[in-house]
Amino acid sequence: MQRRNKPEVLAPAGNLRGLKTAVDYGADAVYCGGKAFGMRSAPKNLSLEDFEEGARYAHERGARVYVTFNVLPRNNEVEAMREYLGKLKDTGVDALIVSDIGVMLMAKQVAPNLELHVSTQAGVTNYQAANAFYELGARRVVLAREMDLQAVRDIRARIPDDLDIECFVHGAMCMAFSGRCLFSNYLTGRDGNHGECAQPCRWKYSIVEEKRPGQYFPIEQTAEGAYLFNSQDMNMLAHIDDLLDSGATSLKIEGRSKSAYYIAAMTNAYKTAVNEYMVQRGFEDADGNVLKPFRDRVIRPGDPEYGKPDTEDAIMANADGAFAGKPDIDAVPVGGVPSGNVSAGNIAIGEPDNLSYHARSTRRKSNTAAEILPEGWHHAGVRPAPHVTLPDWLLDEPDKVAHRDYSTGFYYPEHKVRQSTDRSAYFRAWLVVGEVLSWTPEDGGRVTIMSRNKIEAGQEVEFVLPGAAPFAYTVPAGGFRDADGHWVEAINNPAHVFSMPCPQEVPVNAAIRSRTKKPTLKAE
């Protein structure tokens, strides 16, 4: 497999419409599940016929399709998986996302034409595991979500260049999954996967009402749920340069259960951000013409700079100053490590040549303990580069879809994901009011839409456009018509066809959104 010359934006899809929407809004690849053997049952998922049509649609537009085949099969499912795989391989899809090693070997036998990607469920946390999967035929590893940036670049430095690294960048964070519980990491900073689990899943939890101290109420599972372990959503849009510089080759957006609008908005946001990265890093010009092949900035063993302290922590130093202007530690100047001792929360940073104290790794027992490195080990550094700046409209996009409180996951240990215990609902400040069915230049421009919510004269709306900033528009008075061409006062019947003036051409299926009068706590 040839090395890709551009980072991949990988979008989710729960059905054929979602797949096409992702491609239309710039996805380089789309991942989706079939009717069987995927780890998401809430989406409708795709039939074999859907995969054929979806793969054809994607390939015609230069995109690829990956199928989630990542269940851990029981004995009575093995032969059924083999049979299904034999049918899936002929649909035109490009890759399988697998987590079970038996399924992986089965795929090599039954569908040797399909690329193999190792799912995050396989828990790849080190270069040895990544290299082992590579020897078994994998051409991509999806890293475990608790990896920080240092761990990502340590893996990148010690694996073949043609082994892709896929990292999550946006969407829901898993609190735990079988065999890889993160409760302990969240609550105590002790890594259960390294023998340090505090076993918080076995603790007895109660609720204390603020005005009734000492009076404990048991937590009960109700029809509405119990939300003590309710993690924040991930949002790495403002920091994709750190992730790409650290060796990621594919940026994965979570959300196969999400709406077509969510897929469109977030795919467009990350694709636009990657395009900005490519231009500002000198890989492409403003028209998208390739100037040089994409390559990360990781310093590998054998490079002259490897192991030298002057480039060891450039990414983390840049990041410390980027979090709401309130870094938890004193920023380290790019290109140099400060002499003497530096206060880092309550971490004592040692002498500048002692790299162990600057390494921020998932091996640390807590967020305030310095890591001790074995003799002769050096973390992979990154070559310094200016931060990639993104336009304000782009940074605002994640707030225009329904979401929980955002975090940057585990990528920055001093700013890692937390749980939200005060609410479980999504925050929504914008809602979809319609979807474009067609546009015509007649009468100065007119758009026909399928309504979703009310639109009235004077309302400010935005059309979500692929590869561009949203088109903001104030709806004029006196221009609404129903499906029969009759004038109406407002668009106020959901799932009905209407038209209204629109001077700018807008694409079919583009979402039309508007700010809510009162922000709500609900999903799309």
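- Considering every non-hydrogen atom in both A380 and I299, the closest pair reads CB-O, 3.6 Å.
- Residues K6 and N275 bring a donor and an acceptor atom of their side chains to less than 3.5 Å of each other.
- Around CG of D392, the count of heavy atoms belonging to other residues, nucleotides or ligands within 6.0 Å does not exceed 12.
- With salt bridges taken as basic N to acidic carboxylate O contacts below 4.0 Å, one links E435 and R17.
- Without hydrogens or angle criteria, D164 side chain to T249 main chain gives no donor-acceptor distance under 3.5 Å.
- Between D154 and R158 a salt bridge is recorded (basic side-chain N to carboxylate O distance below 4.0 Å).
- Among all heavy-atom pairs drawn from L465 and N268, the shortest one is O-ND2, 3.2 Å.
- Shown here for D241 and V388, the closest heavy-atom pair between the two residues is OD2-N, 2.9 Å.
- Looking at D161 and R300, a side-chain N of the basic residue comes within less than 4.0 Å of a carboxylate O on the acidic one, giving a salt bridge.
- Between E254 and R145 there is a salt bridge, since a side-chain N of the basic residue sits under 4.0 Å from a carboxylate O of the acidic one.
- Ion pairing of R56 with E53 is absent here, as no side-chain N (NZ or NE/NH1/NH2) approaches a carboxylate O to less than 4.0 Å.
- When atom types are taken as modelled, the side chain of D100 and the backbone of G102 share a donor-acceptor pair closer than 3.5 angstrom.
- Residues A264 and T21 come closest through the heavy atom pair CB-CG2, 3.7 Å.
- Between R140 and E8 a salt bridge is recorded (basic side-chain N to carboxylate O distance below 4.0 Å).
- Ring centroid separation for the pair Y306 and H379 does not come in under the 6.0 Å cut-off.
- Taking the six-membered ring where tryptophan is involved, the planes of H117 and Y66 are perpendicular, since the angle between them exceeds 60° and thus also 30°.
- Shortest non-hydrogen contact noted between A22 and T267 is O-CG2, 3.6 Å.
- The minimum heavy-atom distance between W430 and R513, with the atom names listed, is CE3-CG, 3.7 Å.
- Y25 contributes a side-chain N or O that, together with a main-chain N or O of V464, makes up a donor-acceptor pair within less than 3.5 Å.
- For an aromatic pair to be called close, the ring centres must be under 6.0 Å apart, and H239 with Y412 satisfies this.
- In this structure, the side chain of S407 engages the main chain of G409 through a donor-acceptor pair within 3.5 Å.
- In this structure, CG on D50 lies 9.0 Å from CG on L19, to the nearest 0.5 angstrom.
- Using a 4.0 Å cut-off between charged side-chain N and carboxylate O, D245 and R383 make no salt bridge.
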- [ ] Give the intermediate values and the outcome of salt bridge (charged side-chain N to carboxylate O under 4.0 Å, His left out) for residues K292 and E284.
- [x] CA-CA 7 Å; K292 61 182 179 181; E284 291 181 352; over 6 Å; no

